[in-house]
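See below for the structure under consideration.
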Amino acid sequence: MAVCIAVIAKENYPLYIRSVPVQNELKFHYTVHTSLDVVEEKISAVGKAMADQRELYLGLLYPTEDYKVYGYVTNSKVKFVIVVDSSNTSLRDNEIRSMFRKLHNSFTDVMCNPFYNPGDTIQSKAFDSMVSAMMVQAS
């Protein structure tokens, strides 16, 4: 499914980023970083339109030749970015929403951990295994 999953803090620094294959990690860091401009643009557009404030899913941020980048923002302005391979045409919008819901629930579990300091990088094994289940297995 996904080739890169990132959690970005309110202040736009990465709390967690994981990609497959690992040799493309720098490329995905760049892709995630450039998607933050689109996320900020969509957030400000929603604020001006006074649309439904509970809608956290931002949808397709931008497509490239090889990948499609999707975004999601929590109420606390933490951003989730999922990069999907463009060749995967069977992936529907509701499946992407479901992935973001799972990611948000797992992130909430991390935040509820009394030993986690908000703002630190995420090093939870449960969160990592949930992300691994969403990632494409490199063969």
Side-chain angles (χ1 to χ4, degrees):
M1 289 190 132
V3 292
C4 179
I5 295 179
V7 179
I8 309 298
K10 180 181 178 182
E11 295 83 17
N12 290 337
Y13 61 88
L15 295 174
Y16 181 89
I17 189 162
R18 176 138 185 221
S19 59
V20 289
V22 180
Q23 43 283 25
N24 289 347
E25 190 169 356
L26 187 61
K27 178 181 177 181
F28 288 122
H29 271 271
Y30 175 75
T31 303
V32 167
H33 184 72
T34 55
S35 71
L36 293 179
D37 292 334
V38 181
V39 168
E40 294 297 329
E41 188 177 299
K42 285 198 175 203
I43 290 172
S44 66
V46 167
K48 289 177 186 171
M50 291 306 289
D52 184 14
Q53 294 298 325
R54 297 181 316 170
E55 180 57 45
L56 305 173
Y57 177 66
L58 298 174
L60 180 66
L61 298 177
Y62 67 91
T64 64
E65 267 186 47
D66 303 323
Y67 305 106
K68 292 179 183 174
V69 182
Y70 293 89
Y72 184 94
V73 178
T74 66
N75 289 331
S76 59
K77 303 292 184 251
V78 173
K79 301 153 198 78
F80 300 139
V81 176
I82 294 180
V83 182
V84 179
D85 197 3
S86 285
S87 64
N88 189 354
T89 56
S90 64
L91 202 57
R92 291 191 298 275
D93 203 46
N94 61 348
E95 292 168 336
I96 299 290
R97 283 179 188 262
S98 172
M99 289 171 68
F100 277 121
R101 249 183 261 114
K102 285 181 193 173
L103 192 61
H104 193 176
N105 289 338
S106 189
F107 177 73
T108 303
D109 291 342
V110 169
M111 296 306 287
C112 289
N113 181 349
F115 299 108
Y116 176 74
N117 292 325
D120 290 351
T121 57
I122 298 172
Q123 298 175 343
S124 166
K125 289 181 183 178
F127 186 82
D128 202 43
S129 65
M130 189 279 311
V131 169
S132 295
M134 281 200 257
M135 302 291 276
V136 181
Q137 298 305 320
S139 45

Polar side chain donor-acceptor pair, [X] to [Y], under 3.5 angstrom:
{"X": "Ser90", "Y": "Asn88", "value": "yes"}
{"X": "Tyr57", "Y": "Asp93", "value": "yes"}
{"X": "Thr64", "Y": "Asp66", "value": "no"}

Rounded to the nearest 0.5 Å, what's the gap from [atom1] on [X] to [atom2] on [Y]? Could you check?
{"X": "Asn12", "Y": "Leu36", "atom1": "CG", "atom2": "CG", "answer": "5.0 Å"}
{"X": "Thr31", "Y": "Leu61", "atom1": "OG1", "atom2": "CG", "answer": "11.5 Å"}
{"X": "Phe80", "Y": "Ile5", "atom1": "CZ", "atom2": "CD1", "answer": "10.5 Å"}
{"X": "Ser19", "Y": "Asn24", "atom1": "OG", "atom2": "CG", "answer": "7.0 Å"}
{"X": "His29", "Y": "Glu25", "atom1": "NE2", "atom2": "CD", "answer": "4.0 Å"}
{"X": "Leu60", "Y": "Ile96", "atom1": "CG", "atom2": "CD1", "answer": "9.0 Å"}

List the atom of [X], the atom of [Y], and the distance in Å for their closest heavy-atom pair.
{"X": "Met135", "Y": "Val20", "value": "CE-N, 3.7 Å"}
{"X": "Leu15", "Y": "Gly119", "value": "CD2-O, 3.5 Å"}
{"X": "Pro14", "Y": "Ile8", "value": "CA-CD1, 4.0 Å"}

Neighbour count above 12 (heavy atom, 6.0 Å) for Tyr30 OH: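 Open.
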
Step by step, would you call Leu56 with Phe100 a side-chain contact (heavy atoms from CB on, under 4.5 Å)? CA-CA 9 Å; Leu56 305 173; Phe100 277 121; over 6 Å; no

Can Val7 be reached from Val22 by stepping across I, L, V, M, F, W or Y side chains whose heavy atoms are under 4.5 Å apart? no

With hydrophobic residues grouped by side-chain heavy-atom distances under 4.5 Å, do Tyr13 and Leu103 end up in a single group?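 Per the 4.5 Å side-chain linkage, Tyr13 and Leu103 are co-clustered.
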
Over 60° means perpendicular and under 30° means parallel, so tell me whether Phe127 and Phe107 are parallel, tilted or perpendicular.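 Ring orientation of Phe127 relative to Phe107: perpendicular.
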
Below 30° counts as parallel, above 60° as perpendicular, anything between as tilted: where do the rings of Phe28 and Tyr67 land? perpendicular

Can Met130 and Ser124 be said to form a side-chain contact (heavy atoms from CB on, under 4.5 Å), step by step? CA-CA 10 Å; Met130 189 279 311; Ser124 166; over 6 Å; no

If you define the side chain from C-beta out and look only at heavy atoms, does anything of Ile17 sit under 4.5 Å from Cys4?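 Ile17 reaches Cys4 side chain to side chain.
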
Would you say the side chain of Lys10 lies within less than 4.5 Å of the side chain of Ser76, judging by non-hydrogen atoms? no

Does Asp85 come within less than 4.0 Å of Lys68, counting only side-chain N to carboxylate O?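 Salt bridge flag = no for Lys68 with Asp85.
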
Do the charged groups of Lys79 and Glu40 touch, with an N to O distance under 4.0 Å?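 Looking at Glu40 together with Lys79, the answer is yes, because their closest N to O distance falls below 4.0 Å.
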
Is there any side chain to side chain donor-acceptor pair (under 3.5 Å) pair reaching into residues 104-114, and which pairs are they, with sequence neighbours excluded? Tyr72-His104

Evaluate the side-chain contact (heavy atoms from CB on, under 4.5 Å) criterion for residues Val73 and Val78: first the C-alpha distance (whole Å), next the side-chain angles of each, then the deciding distance (0.1 Å), finally the verdict. CA-CA 6 Å; Val73 178; Val78 173; over 6 Å; no

Tyr62 vs Thr34, side-chain hydrogen bond (donor to acceptor under 3.5 Å, both in side chains): CA-CA, chis, key distance, verdict: CA-CA 10 Å; Tyr62 67 91; Thr34 55; 2.8 Å; yes

